[in-house]
Amino acid sequence: MSFQAYLDNIETKTGLTPRQFIELANERGFDATTKATPIVAWLKEDYGLGQGHAMALVHVITKGPQISTKHVGTDGVHRDATDTLWLDGKATNPNP
């Protein structure tokens, strides 16, 4: 599953876009300096997310939308269309 697919699945499950999760995290005091553990605990408890999905959100909360180019343009199951994740909802993603 691609990184973007993780984020899209989270939106399907929760009804919240990654950008909305970033805003909620910031309201809770989470930012680039926050370790993964408290963010994962919050996402599991409040939204029922599993470890992998929670860690995908940890990345965008603490590091932003930029990802490694390792899988961009590859043919594997983890491929992403771009090295920048779309955070504003799967329905508006210009890179489907």
Side-chain angles (χ1 to χ4, degrees):
M1 179 180 306
S2 72
F3 204 134
Q4 188 66 55
Y6 266 95
L7 297 180
D8 293 347
N9 286 339
I10 292 165
E11 182 181 351
T12 297
K13 179 176 178 142
T14 66
L16 298 169
T17 68
R19 185 141 348 256
Q20 289 171 309
F21 272 108
I22 293 168
E23 292 168 5
L24 291 169
N26 289 338
E27 289 173 10
R28 295 180 73 89
F30 300 147
D31 60 21
T33 65
T34 307
K35 300 288 186 193
T37 302
I39 299 172
V40 169
W42 163 60
L43 294 169
K44 285 182 175 184
E45 182 175 326
D46 288 8
Y47 299 98
L49 296 181
Q51 185 73 21
H53 287 88
M55 288 304 293
L57 283 174
V58 166
H59 177 89
V60 297
I61 291 166
T62 62
K63 294 178 176 54
Q66 202 70 32
I67 60 172
S68 166
T69 59
K70 179 178 180 181
H71 297 292
V72 174
T74 66
D75 292 330
V77 296
H78 298 294
R79 68 184 173 277
D80 276 288
T82 176
D83 66 351
T84 303
L85 298 167
W86 186 255
L87 304 180
D88 295 314
K90 60 186 177 178
T92 63
N93 189 340
N95 302 304

Exercise. How many angstroms lie between OG1 in T17 and CG in N93, if you round to the nearest 0.5 Å?
Worked result: 12.0 Å

For this session: Please check if the side chain of S2 supplies one atom and the backbone of A5 the other of a donor-acceptor pair under 3.5 Å.
Result: yes

For this session: Please answer whether the main-chain N or O of K90 pairs with a side-chain N or O of E11 as donor and acceptor at a distance below 3.5 Å.
Result: yes

Exercise. Tell me, do L24 and L16 make a side-chain contact under 4.5 Å, heavy atoms counted?
Worked result: yes

Exercise. So do the side chains of I39 and T62 get within less than 4.5 Å of each other, counting heavy atoms only?
Worked result: yes

Exercise. Can you find a pair of side-chain heavy atoms, one from K44 and one from Q51, that are under 4.5 Å apart?
Worked result: yes

Exercise. Looking at side-chain heavy atoms only, is the closest gap between T92 and W86 below 4.5 Å?
Worked result: yes

Exercise. Does any N or O in the side chain of D80 come within less than 3.5 Å of the main-chain N or O of L85, such that one atom is a donor and the other an acceptor?
Worked result: no

For this session: Nearest 0.5 Å please: distance from the OG1 atom of T82 over to the CD atom of Q4.
Result: 9.0 Å

Exercise. Does any non-hydrogen side-chain atom of F30 lie less than 4.5 Å from one of F21?
Worked result: no

Seminar exercise, completed: Rounding to 0.5 Å, atoms CG (N9) and OG1 (T14) come to a distance of 10.5 Å

Exercise. Does some side-chain heavy atom of R28 sit less than 4.5 Å from a side-chain heavy atom of I61?
Worked result: no

Exercise. Is it true that L87 and L49 fall in one hydrophobic cluster, defined by side-chain heavy atoms closer than 4.5 Å?
Worked result: yes

Exercise. Given the side-chain rings of H53 and Y47, with only the six-membered ring counted for Trp, is the space between their centroids under 6.0 Å?
Worked result: no

For this session: Please tell me if the side chains of R19 and E23 come closer than 4.5 Å, counting only heavy atoms from C-beta onward.
Result: yes

For this session: Following the transitive rule for hydrophobic clusters with a side-chain heavy-atom cut-off under 4.5 Å over Ile, Leu, Val, Met, Phe, Trp and Tyr, establish whether M55 and L43 coincide in one cluster.
Result: yes

